[in-house]
Protein chains: 2
Amino acid sequence: MHWFDLSHTLRYKIRQLAKSKREAYINLHLGYENKNNKASNMHKTQQEAVYNELKDAILRGKFEPGNSVTLRGIAEMLGCSLMPVRESLRRLTAEGALELLANRRIAVPTMSAEKLQEIYYTRTCLESYAAERAMSRIDEQGLRELTEINRLHNEAIANQDVENYIYLNFEFHRKLYSYSDLNVITVMIEGLWLRIAPFMRMISDRFAEQGEITESDDKHIEILEAIHKQNSTRLKHLIQDDILDGVRIQQEMMGWPVSD
Amino acid sequence: MHWFDLSHTLRYKIRQLAKSKREAYINLHLGYENKNNKASNMHKTQQEAVYNELKDAILRGKFEPGNSVTLRGIAEMLGCSLMPVRESLRRLTAEGALELLANRRIAVPTMSAEKLQEIYYTRTCLESYAAERAMSRIDEQGLRELTEINRLHNEAIANQDVENYIYLNFEFHRKLYSYSDLNVITVMIEGLWLRIAPFMRMISDRFAEQGEITESDDKHIEILEAIHKQNSTRLKHLIQDDILDGVRIQQEMMGWPVSD
DNA sequence: AATTTTGATTTGTGATCACAATAATGGTTT
DNA sequence: AAACCATTATTGTGATCACAAATCAAAATT
């Protein structure tokens, strides 16, 4: 099971484990290991650490749309008290990654045809602009990093590794946009990713079940080529196509009206 | 003083007042009276009430860019404990309305030429789309409501009432976009407003000091006309111009490079 | 067997206390 | 008078408890 949701018995086991490390700063064991102790992993507050862990988990599709998320459940998994979780979930809810239901319970939002359309439109506007700005600012080092991320991305496809397939796709775009020097817009873009990631994971899983995850053509390579040639109009079209292709697959899978 | 910031002695007075009503649900006295007891004012939780009050105050420009905001300060003003304030400020921070400084203090963000550009671009994309969608869905009742808001807006200009001048401008656009049926995008738009409102208020105040607040031509009337004629291309241009005009004034006032 | 009711559990929210880190203050020294 | 230091006050964060509302489960009723 990849869902960020543990059975009751398993949750109890983790609680026992967590109790022993209760005094430690924070011990986060969410089932995957990206414990590269970079400077970015230095968190001043627990809530920041919890937020980053949960954000990562969401972008990897570990949260199933419609599932409910509880403060104590997350707190037990992460071995911390309620407070850091409370503040993280409040933030994630404000960003649209989670949802407060009428019964004041917290849940992973479900997708609708209308919401998908809105997210698609906004992503197209913001991401094509961010890409264009990044193109004129990126250096050789950045292009090499993008190439490496894309290699790992293709590796994930070859291994039918859905989780990393989704995550590394985001990672490619995030790295690209990081060169845009657009602080406000990149935050908004990542907020949109948080909204669609659980849905994307669901679609990809269904796709993987009934066939194979495959990329018709390596869009990322074409993007890198356009950047290398400094062809901004082509780059914008490629970004728009990249987003549109993904949305079309999702719409077809759900039987929703297909864009354009 | 219109700033959402009280002197120490005044804050003490309020604390005394608040103590007497400590047991009451919540008593919010932020200096202005919009106590229309509509259903929208029925809040299930205190943090929701606090959030709505603070959001309103921000959109009215009661927060000065650069000023720091403290949990206990707000809690005393609103006569509630720290918890509802903590959660509200966390949410507002996530939405970009407030900022966590490196010294883990909370402050009203200051504007920069770059941030203004980003916000301007995003507003143009999202608001013109929302307006276009609203045009095909609005009814006679909606047009009447917009006309009334615009009348109050012009009244505020005539009275040199900067606070309501800013707020009613937002109110006009919010009412218009409410007919777009775009849930995700309208939330993002209001998030952008929260980011610029304190800055807009600062600019408008300077404008009011050295001259008069005046509208060169009533853009809102033209917008209503375009909607009445169902001319979507003209409507989109009018929205874009409306946003651009405001940004240009701000850029000129700050001596920043002017858009387009 | 289907529905209702009752009781126990789980949930988010609010309140309060403790604490480390930062800021502010006042006094001392150079 | 200006720079330095020590003390005090304030700040956000974390932990814990209490509680009402919602949920679930099982028993009682029809």
Side-chain angles (χ1 to χ4, degrees), chain A residues 5-9 11-12 15 18-19 21-28 42-52 54 66-94 98-108, chain B residues 5-9 11-12 15 18-19 21-28 42-52 54 66-94 98-108:
Chain A
D5 198 51
L6 302 174
S7 69
H8 232 67
T9 55
R11 186 182 294 175
Y12 179 76
R15 174 164 55 167
K19 268 187 179 171
K21 299 192 180 179
R22 187 57 53 110
E23 274 73 28
Y25 178 64
I26 189 167
N27 56 329
L28 305 165
M42 287 289 295
H43 303 295
K44 291 179 297 297
T45 60
Q46 290 196 30
Q47 56 183 269
E48 199 178 341
V50 171
Y51 170 79
N52 284 323
L54 293 179
N67 268 15
S68 62
V69 177
T70 65
L71 294 176
R72 290 168 180 84
I74 303 286
E76 284 176 5
M77 284 191 214
L78 272 46
C80 64
S81 79
L82 290 186
M83 288 307 305
V85 180
R86 256 172 98 162
E87 307 251 32
S88 312
L89 293 192
R90 183 69 49 192
R91 184 174 171 189
L92 288 167
T93 304
L98 297 175
E99 204 175 19
L100 268 89
L101 303 180
N103 24 337
R104 70 176 197 177
R105 283 222 157 73
I106 306 169
V108 184
Chain B
D5 198 50
L6 301 174
S7 70
H8 233 66
T9 55
R11 186 181 296 174
Y12 179 77
R15 174 164 56 168
K19 268 187 179 172
K21 298 192 180 179
R22 187 57 53 109
E23 275 72 27
Y25 177 64
I26 188 167
N27 55 331
L28 305 166
M42 287 289 295
H43 303 294
K44 291 179 297 297
T45 59
Q46 289 196 31
Q47 55 184 270
E48 199 179 339
V50 170
Y51 170 80
N52 284 323
L54 293 180
N67 268 16
S68 63
V69 176
T70 64
L71 294 176
R72 290 168 180 84
I74 303 286
E76 284 177 4
M77 285 191 214
L78 272 47
C80 63
S81 79
L82 290 185
M83 288 306 306
V85 179
R86 256 173 97 162
E87 307 251 31
S88 311
L89 293 193
R90 183 69 49 190
R91 185 174 170 190
L92 288 167
T93 303
L98 297 175
E99 203 175 20
L100 268 90
L101 303 180
N103 23 337
R104 70 177 198 176
R105 285 221 156 73
I106 306 168
V108 184

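All values below were derived from every heavy atom in this structure, side-chain atoms included, with hydrogens, water molecules and symmetry-related copies excluded. By convention in this document, chain letters (A, B, ...) are assigned in the order of the sequence lines, proteins followed by strands, and residues within each chain are numbered from 1.
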What closest approach, in Å, do A:Ala94 and B:Ala94 show between heavy atoms, and which atom pair accounts for it? CB-CB, 3.7 Å
Nearest heavy-atom approach of A:Ala107 to A:Gly66 is CB-O, 4.5 Å
Whole Å only: how far is the CG atom of B:Leu92 from the P atom of D:dG12? 14 Å
Side chain proximity check, A:Met83 to B:Arg86, heavy atoms < 4.5 angstrom: yes
Base, sugar-phosphate, or nothing: which does B:Glu87 touch, judged by heavy atoms less than 4.0 Å apart? nothing
So B:Leu98 and B:Val108, side-chain contact (heavy atoms from CB on, under 4.5 Å) or not? Walk me through it. CA-CA 5 Å; B:Leu98 297 175; B:Val108 184; 4.1 Å; yes
Write down the atom of B:Ser81, the atom of B:Ala75, and the distance for their closest heavy-atom approach. O-CB, 3.8 Å
Closest nucleotide of DNA chain D for B:Leu71 versus for B:Met83: which of these residues is on the 5' side? B:Leu71
Rounded to whole Å, the CG-C1' distance (B:Leu78 to C:dG14) equals 15 Å
Looking only at heavy atoms, the pair that brings A:Pro84 and A:Gln46 closest together is CG-OE1, 3.6 Å
Which nucleotide in the list D:dT13, C:dG14, D:dA15 gets nearest to the side chain of B:Gln47? C:dG14
Can you check the A:Leu82 CG to C:dG12 P distance for me, whole Å? 9 Å
Kindly compute the distance separating CD1 (A:Ile106) from CG (A:Leu100), expressed to the nearest 0.5 Å. 5.5 Å
Could you pull out all residues at least two apart from A:Arg90 that satisfy side chain to side chain donor-acceptor pair (under 3.5 Å)? B:Gln47, B:Glu87
Tell me: CD1 of B:Ile106 to P of D:dG12, nearest whole Å? 5 Å
Can you give me the N/O atom pairs linking the protein to nucleotides 19-23 of chain D at distances under 3.5 Å, or say none if there are none?
unit_1 : atom_1 : unit_2   : atom_2 : d
D:dA22 : O3'    : A:Arg105 : NH1    : 3.2
D:dT23 : OP1    : A:Asn103 : ND2    : 2.6

Is it the case that the base of D:dG14 and the side chain of B:Arg86 share a donor-acceptor contact (distance under 3.5 Å, atom types as modelled)? yes
Distance check needed: C:dT11 P versus A:Asn67 CG, whole Å only. 13 Å
Tell me, do A:Val85 and A:Cys80 make a side-chain contact under 4.5 Å, heavy atoms counted? yes
Over how many whole Å does the gap from A:Leu89 atom CG to C:dG12 atom P extend? 8 Å
To the nearest Å, how far apart are B:Arg90 CZ and C:dT13 C1'? 17 Å
Might you list the N or O atoms of the protein lying below 3.5 Å from N or O atoms in nucleotides 5-8 of chain C, with each pair's distance?
none

Let me confirm one number: the CG-CG distance from A:Leu71 to A:Leu82, rounded to the nearest 0.5 Å. 6.0 Å
How many whole angstroms separate atom CD of B:Glu76 from atom C1' of D:dT11? 13 Å
Overall bend of the helix from C:dA1-D:dT30 to C:dT30-D:dA1 (five pairs an end, 10° steps) is 10°
Rounded to the nearest 0.5 angstrom, the CD-CD1 distance for A:Glu76 and A:Ile74 is 10.5 Å
How would you label the contact of B:Val69 with the nucleic acid (heavy atoms, under 4.0 Å): base, sugar-phosphate, or nothing? sugar-phosphate
